[in-house]
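Below is one structure; the comments refer to it alone.
Heavy atoms only: backbone and side chains are in, while hydrogens, waters and symmetry mates are out.
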Amino acid sequence: MVFDRAAGRVTVSRDAHGTVRSASVVKLLIAVDFLERNRAVSARDRALLRGMLRSSDDRAATVLWNRGGRGAIVSRTARRMGLRDTAPPPASRPGYWGYTALSAADVVEVYRYLLERADARVRGLVLGELRRATRCGRDGFDQYFGIPRAVPRPWAVKQGWSGFGLVPSEPCGAARGDVAGVRPVAVAAPTLGVGRPVLHTTGTVGEGDRWVVAVWTLSPPGTSFAAAASRITALTRQVHRAGTR
């Protein structure tokens, strides 16, 4: 989905309410919930937020997830933001924050909430960190796929990946080209796509955060991170071109 804030309308939408597991995109909800429940943020907590938002630090996310009540974080933010497709992780896996169900449409609503309704303190901290997203994630994966590779700055991004192993097979920052001719697989995923790799790119692009972009992908089992990253980058380039012209 692409939402044009200047025009006040959706300019691109396809299967935008389909849900798969959020992977690290749920860190947006964790951060907003924490900041809205805590007016004072210690230096230690600010460091956790910085690592979680800039470099997708899973350890930091787990600390804040447990402190916030785990799935209660998702329920609170969904009610506050009016998210229709969002649900906490399954009851059998309460600690798996990445198993939160999210859709592209709901992620667009999260960014719109930040930009249009959240307190300036919350908006400034979260988007400020997303504008400084590091090339390499804390786990060693290259998080410059999708928006960062397909769209010129300015942008603010939060990426998500899951199902590619605990460590990358290629060093972060290694040169690679886009894989041409690879088409995304459209799949209804009531099971959150468990067993299949997911790769998501989300954020704001353009001056004044004019456009909100969310691209959700679910790949066949065994897909490499490099192939999935090239696929979502090519797709994001197309989506951006169609949604911002």
Take Arg245 and Asp4, measure what salt bridge (charged side-chain N to carboxylate O under 4.0 Å, His left out) needs, and give me the verdict at the end. CA-CA 10 Å; Arg245 63 188 176 188; Asp4 184 340; over 6 Å; no
Hey, what do you get for [atom1] ([X]) to [atom2] ([Y]), rounding to the nearest 0.5 Å?
X	Y	atom1	atom2	answer
Thr62	Arg70	OG1	CZ	9.0 Å
Thr100	Arg93	OG1	CZ	13.0 Å
Asp142	Glu170	CG	CD	9.0 Å
Asp33	Leu64	CG	CG	10.0 Å
His200	Lys158	NE2	NZ	10.5 Å
Arg196	Leu218	CZ	CG	4.5 Å

Do [X] and [Y] touch side chain to side chain, with heavy atoms closer than 4.5 Å?
X	Y	value
Leu115	Val212	yes
Arg59	Leu48	yes
Glu36	Arg76	no
Arg39	Asp119	yes
Asp58	Trp97	yes
Thr202	Val110	no
Leu130	Leu28	yes
Leu114	Val122	yes

For atom [atom1] of [X], is the number of surrounding heavy atoms from other residues, nucleotides or ligands below 6.0 Å larger than 12?
X	atom1	result
Arg138	CZ	no
Tyr96	OH	no
Arg46	CZ	no
Glu116	CD	yes

Quick one: does any side-chain atom of [X] pair with a main-chain N or O of [Y] as donor and acceptor, under 3.5 Å?
X	Y	result
Ser24	Gly160	no
Thr217	Leu199	yes
Gln159	Ile147	no
Asp57	Ala60	yes
Arg121	Leu35	yes
Ser55	Thr134	no
Arg123	Ala118	yes
Lys27	Ala61	no
Arg231	Ser219	no

Where [X] and [Y] come nearest, the two heavy atoms and their spacing:
X	Y	value
Arg131	Ala156	CG-CB, 3.8 Å
Arg5	Gly208	NH1-O, 3.0 Å
Pro148	Val157	CG-CG2, 4.0 Å
Arg21	Gly98	CB-O, 3.3 Å
Val108	Ala214	CG2-CB, 4.1 Å
Pro94	Ser92	CD-C, 3.4 Å

Do the charged groups of Arg67 and Asp45 touch, with an N to O distance under 4.0 Å? yes
Any carboxylate oxygen within less than 4.0 angstrom of a Lys/Arg side-chain nitrogen, looking at Arg84 and Asp106? no
Tyr111/Asp209 under side-chain contact (heavy atoms from CB on, under 4.5 Å): CA gap, chis, key distance, verdict: CA-CA 10 Å; Tyr111 282 103; Asp209 302 296; over 6 Å; no
Less than 3.5 Å apart, any donor N or O on the side chain of Ser103 or Trp216 sitting next to an acceptor on the other? no
Aromatic ring pairing Phe141/Trp161, orientation class (parallel under 30°, perpendicular over 60°, tilted between): tilted
Any chance the rings of Tyr144 and Trp155 have centres within less than 6.0 Å? yes
Only one of Val151, Thr236, Val2 passes side chain to side chain contact (heavy atoms under 4.5 Å, CB included) with Val205, and that residue is Val151
With respect to Ser22, which candidate in Leu102, Val107, Leu29, Val198 satisfies the side chain to side chain contact (heavy atoms under 4.5 Å, CB included) definition? Leu102
Stepwise salt bridge (charged side-chain N to carboxylate O under 4.0 Å, His left out) check, Arg132 with Glu129: CA-CA 5 Å; Arg132 298 174 178 85; Glu129 298 299 344; 5.2 Å; no
